[in-house]
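Please read the structure below before turning to the comments.
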Amino acid sequence: MFNYQKKLQYPINIKKKDLRMAKFLVTQYGGSNGELAAALRYLNQRYTMPDDRGKALLTDIGTEELAHIEMISTMIYQLMKDATLEEIKAAGLESHYAEHGKGLYPTDANGVPFTVAYFATTGDVLADLSENMAAEQKARAVYENLINLTDDPDVIGPLLWLRQREVVHFARFKELYDYYKKKMNKTEDNTMISNNYIVNQLMGEYPYR
């Protein structure tokens, strides 16, 4: 199922230590819009995709997200390499150090630990793909925010590449969403008619006083 090549998707060679940036960047490892949440979301949702086309895409993108975790982890490691205890304290990472030393741990930029509550599976293909499209757009926005927080080209290069992958993933999910929507003959008009009917029924039963 997985073909593992022992190299990063994009070369990472950060020469300048920056613990402050490492503290921000960890959000794309263990934050709500990060790569770990994306990988687990897609690899979990693939089982309820209605055909091989959906299963294949969710497996492919979920697998690539695992590679992105590897990139983010490498960047954090290089940004913190050889950090002294004084530098760790100055960057506000002493709480992390107290629990994990210099080890990597999935949290967001505020230190909130990763939780599977960051993603959901409804079993409804259109609902799940809608969540996936939103997740890719939010990840793109976070990468853009991170790029704005650094002027190091060795950091910006991988972040720009990762941002572009979010754009591509969004496009692939949108294609699959449109494919299933057409296949299932579920249109926006039908959804609106259905929702309006339900609302009208409720309003008739429980009118405003």
Side-chain angles (χ1 to χ4, degrees), residues 1-5 8-10 25 27-72 106 108 114-148 156-203:
M1 181 169 54
F2 301 119
N3 181 17
Y4 179 53
Q5 299 181 25
L8 298 175
Q9 283 189 297
Y10 185 98
L25 188 57
T27 197
Q28 281 305 87
Y29 177 29
S32 59
N33 303 310
E35 303 292 357
L36 180 59
L40 295 178
R41 177 189 297 114
Y42 307 151
L43 292 176
N44 185 58
Q45 287 179 3
R46 63 184 168 154
Y47 292 102
T48 48
M49 288 294 112
D51 56 24
D52 287 343
R53 176 172 175 171
K55 288 180 172 66
L57 184 69
L58 271 289
T59 300
D60 288 348
I61 296 180
T63 303
E64 185 176 347
E65 303 292 8
L66 293 176
H68 295 173
I69 293 171
E70 198 170 29
M71 288 180 61
I72 293 295
D108 66 12
F114 176 81
T115 169
V116 292
Y118 287 156
F119 63 90
T121 299
T122 67
D124 182 294
V125 61
L126 297 185
D128 287 346
L129 290 173
S130 294
E131 182 191 21
N132 297 349
M133 287 188 286
E136 294 295 331
Q137 289 287 17
K138 287 186 283 187
R140 172 196 54 76
V142 172
Y143 277 123
E144 290 171 359
N145 294 340
L146 289 168
I147 289 166
N148 290 335
I156 291 173
L159 292 180
L160 281 171
W161 188 90
L162 286 164
R163 176 204 173 276
Q164 186 59 29
R165 294 310 298 164
E166 307 298 345
V167 174
V168 172
H169 291 173
F170 173 83
R172 297 292 84 79
F173 282 134
K174 180 65 166 60
E175 289 169 0
L176 188 64
Y177 176 92
D178 291 341
Y179 164 74
Y180 283 137
K181 189 174 175 182
K182 182 177 181 181
K183 189 174 182 180
M184 296 174 182
N185 197 28
K186 290 185 177 181
T187 67
E188 293 293 342
D189 289 342
N190 287 340
T191 303
M192 290 175 62
I193 289 169
S194 176
N195 288 342
N196 287 336
Y197 174 79
I198 292 170
V199 170
N200 289 336
Q201 289 294 101
L202 289 173
M203 288 294 290

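Screening residues 60-72 for salt bridge (charged side-chain N to carboxylate O under 4.0 Å, His left out) gives Glu64-Arg165 as the qualifying pairs, with residues at least two apart or on separate chains. The ring-ring contact (aromatic ring centres under 6.0 Å, His included) analysis of residues 119-140, with sequence neighbours excluded, yields no pairs.
When all heavy atoms are compared, the tightest approach of Pro50 to Val125 is CD-CG2, 3.9 Å. Ala37 and Gly31 get closest at one heavy-atom pair: CB-O, 4.2 Å. Between Asn33 and Gln28 the shortest heavy-atom distance is O-OE1, 3.3 Å. In plain terms, the two heavy atoms of Arg41 and Ala135 that are nearest each other are NH1-CB, 3.4 Å. Scanning all heavy atoms of the two residues, the minimum distance from Ile69 to Tyr29 falls at CG2-CE1, 3.6 Å. The shortest heavy-atom contact between Gly62 and Ala39 is O-CB, 3.8 Å.
Remark: Ala127 engages Thr122, Asp124 in a side-chain contact (heavy atoms from CB on, under 4.5 Å) (not counting sequence neighbours). Under the side-chain contact (heavy atoms from CB on, under 4.5 Å) criterion, Leu43 pairs with Arg46, Thr63, Leu66, not counting sequence neighbours. Listed by chain and residue number, Tyr42 satisfy the ring-ring contact (aromatic ring centres under 6.0 Å, His included) test with Phe173 (two or more places apart in sequence, or in another chain). A search for salt bridge (charged side-chain N to carboxylate O under 4.0 Å, His left out) contacts involving Arg172 returns Glu175, not counting sequence neighbours. When the side chain to side chain donor-acceptor pair (under 3.5 Å) test is applied to Lys174, the partners found at least two apart in sequence or on another chain are Asp178. Shown here are the ring-ring contact (aromatic ring centres under 6.0 Å, His included) partners of Tyr118, two or more places apart in sequence or in another chain: Phe114. Not counting sequence neighbours, Thr115 has no partner by the side chain to side chain donor-acceptor pair (under 3.5 Å) test. When the side chain to side chain donor-acceptor pair (under 3.5 Å) test is applied to Thr121, the partners found at least two apart in sequence or on another chain are Asn44.
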Any chance you could lay out the side chain to side chain contact (heavy atoms under 4.5 Å, CB included) test for Asp51 and Lys183, step after step, and finish with the verdict?
CA-CA 11 Å; Asp51 56 24; Lys183 189 174 182 180; 3.1 Å; yes
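One finds no salt bridge joining Arg140 and Glu136 here, because no Lys/Arg side-chain nitrogen approaches an Asp/Glu carboxylate oxygen to under 4.0 Å.
In this structure a side-chain-to-backbone donor-acceptor pair under 3.5 Å is present from Tyr180 to Gly54. At distances below 3.5 Å, not a single donor-acceptor pair connects side-chain atoms of Gln9 with backbone N or O atoms of Ala67.
Test Gln137, Gln45, His169 against Asn132 for side-chain hydrogen bond (donor to acceptor under 3.5 Å, both in side chains) and you get one pass: Gln45.
Going from atom OH of Tyr143 over to atom CD1 of Ile72 covers 3.5 Å, rounded to the nearest 0.5 Å.
Atom CG of Asp52 has 12 or fewer neighbouring heavy atoms from other residues, nucleotides or ligands inside a 6.0 Å radius.
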